[in-house]
Amino acid sequence: VKRKFVPSLELVPRVLAGETPAIARLLSRAEAGHPECRDALARIYEHAGRAHVVGITGVPGSGKSTLVSVLAGLLRARGGKVGVVAVDPSSPWSGGAIMGDRIRMGDVAGDPGIFIRSMATRGALGGLARATLEAVDVLDAAGFGHVLVETVGIGQDEVEIAHATHTTVVVSAPGLGDDIQAIKAGILEVADVHVVSKCDRSDASRTIADLETMLALGHAAGWEAGWRSPVVGTSAVTREGFEELVSALDRHAAHLDGSDAGRARLRRIAEFRILKTAEELLRARFRHGRTGRVAELAARLAERRISPYAAGEHLLEVPERERTSP
Ligand SMILES: Nc1nc2c(ncn2[C@@H]2O[C@H](COP(=O)(O)OP(=O)(O)O)[C@@H](O)[C@H]2O)c(=O)[nH]1
Ligand SMILES: [Mg+2]
């Protein structure tokens with residue numbers, strides 16, 4: 001049976017009322033990047049802005065998904081609604097069990113107060129950052145007090161997405177030089193809160209000490225004055241450290257609330273969104289212009305009658321000239 005198509009704008013009041021099916025449908029359309037939902041997302045954006053958006057990043061296997069599931073449970077137990085957006089394609093969010101039988105996301109399946117969404121891997125047109133942040137908006141507007149964004153800390157985009165949140169948590173696992181990997185990936189310096197996961201393991205204290213030494217040396221200074229990124233050790237097995245993590249998140253939210261640092265952060269996120277959106281629009285435009293301007297420049301470039309840089313500049317000039325002056 002084919003479902004009747006409900007225009008996205010008609011989904012908006014249902015999303016604002018927190019109706020799960022409407023949220024799921026609007027998220028799918030946002031992810032597909034269909035122009036039909038643009039007005040709806042604009043409406044959603046007006047209503048968003050109340051959630052505490054927390055990015056969780058770190059190398060694969062560092063324990064992000066596990067951490068998110070425990071954290072989501074704790075935040076939910078405080079009474080608020082918790083949304084999860086996972087950009088890590090390997091995340092076991094489709095109803096599976098995490099850590100054997102210890103943590104079952106299936107337990108929250110019937111709870112409308114927890115909503116989990118996995119974003120598909122990057123499409124040909126990119127748009128991952130745009131879609132992820134639109135998903136955050138939708139959950140925010142739907143009344144989710146916390147939105148946790150899990151991203152794998154490898155690609156530039158993934159790190160930037162975690163960065164485009166109010167609070168960035170960087171997860172490092174003990175052993176195997178994971179901390180060094182994180183430094184290489186350039187993700188340590190974006191941390192507002194550091195987590196050393198798997199603290200039930202004996203080598204965890206060493207990792208905490210290493211991280212603290214490095215922070216003390218100023219290799220990964222916090223983002224702004226008035227906030228020193230704490231190092232929190234957690235274990236999903238023993239549940240130690242999670243109260244401390246929740247309190248660090250609360251303190252960071254309080255630090256940003258109404259402060260210059262908070263306003264600067266919001267502007268930075270806004271700038272990131274504009275640039276990412278513009279980038280996507282440009283790509284789409286050039287793709288459509290393949291037979292025209294791009295092909296023409298490519299022919300000249302292939303024959304070395306123009307430089308790559310000049311060709312790029314030419315391409316960017318075109319929309320400018322075509323635009324009618326206001
Ligand atoms: N011992 C222990 N193992 C953990 C802990 N957290 C996660 N793991 C394990 O580490 C592996 C990777 O976890 P996952 O959450 O999928 O990592 P992600 O790739 O960063 O999302 C899994 O085998 C988990 O069971 C922990 O606190 N203690
Ligand atoms: Mg994961």
Side-chain angles (χ1 to χ4, degrees), residues 53-75 82-108 114-122 128 132 135-136 146-155 157-163 165 167-188 190-191 193-208 211 231-246 248-249:
V53 185
V54 179
I56 291 119
T57 192
V59 296
S62 56
K64 299 178 297 296
S65 297
T66 309
L67 182 98
V68 163
S69 63
V70 176
L71 185 59
L74 275 178
L75 293 169
V82 184
V84 175
V85 181
V87 186
D88 179 353
S90 70
S91 287
W93 295 121
S94 42
I98 298 177
M99 297 194 67
D101 263 351
R102 278 186 272 249
I103 303 159
R104 279 199 168 277
M105 289 319 287
D107 291 348
V108 301
I114 295 192
F115 188 99
I116 298 164
R117 181 73 177 198
S118 270
M119 304 300 284
T121 41
R122 190 189 320 271
L128 185 66
T132 304
V136 170
H146 281 88
V147 182
L148 311 178
V149 184
E150 177 192 348
T151 73
V152 57
I154 39 176
D157 265 14
E158 287 87 346
V159 174
E160 281 177 344
I161 292 166
H163 210 193
T165 52
T167 305
T168 304
V169 177
V170 176
V171 183
S172 306
L176 295 173
D178 266 1
D179 44 348
I180 308 300
Q181 287 176 41
I183 299 162
K184 274 195 196 146
I187 58 178
L188 273 189
V190 304
V193 176
H194 289 277
V195 164
V196 173
S197 61
K198 312 187 189 183
C199 276
D200 47 280
R201 282 170 42 170
S202 57
D203 46 352
S205 51
R206 172 75 198 277
T207 305
I208 293 179
L211 203 50
V231 179
V232 181
T234 62
S235 166
V237 178
T238 67
R239 303 294 172 111
E240 73 178 283
F242 279 92
E243 295 294 338
E244 199 187 334
L245 175 58
V246 168
L249 297 178

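Every number for a ligand or one of its atoms is a count from 1 in the order of the listing.
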| request: For the atoms OG of S65 and OE2 of E150, give the angle they form at the Mg ion (ligand 2), rounded to 10 degrees. | output: 80°
| note | Note: ligand 1 atoms sitting under 4.0 Å from heavy atoms of S235 are 27 (O)
| said: Between ligand 1 and G61, is the shortest N or O to N or O distance under 3.5 Å? | reply: yes
| How far does CD1 of I161 sit from CE of M119, to the nearest 0.5 angstrom? | 8.5 Å
| task | Answer yes or no: is there a side-chain heavy-atom contact under 4.5 Å between F242 and V232? | result | no
| said: Any nitrogen or oxygen of K198, side chain or backbone, less than 3.5 Å from one on ligand 1? | reply: yes
| said: Rounded to the nearest 0.5 Å, what separates atom CZ in R239 from atom CG in L74? | reply: 7.5 Å
| query | At a 4.0 Å threshold, what atoms of ligand 1 neighbour a non-hydrogen atom of E150? | reply | 21 (O)
| field | Donor-acceptor contact below 3.5 Å, side chain S235 vs main chain E240 | value | no
| request: Please indicate whether any nitrogen or oxygen in G63 is less than 3.5 Å from any nitrogen or oxygen in ligand 1. | output: yes
| query | Should you measure from each heavy atom of A236, which atoms of ligand 1 turn up under 4.0 Å away? | reply | 26 (C), 27 (O)
| request: May I ask you to decide if S62's main-chain N or O and S197's side chain share a donor-acceptor pair within less than 3.5 Å? | output: yes
| request: Consider every N or O of S197 and every N or O of ligand 1, then say whether any pair is closer than 3.5 Å. | output: no
| field | Donor-acceptor under 3.5 Å (R201 side chain, P174 main chain) | value | yes
| Proximity winner for atom 14 (P) of ligand 1, if only heavy atoms of I56, D200, T66 are counted | T66
| message | Has K64 got a side-chain atom pairing as donor or acceptor with V59's backbone, closer than 3.5 angstrom? | response | yes
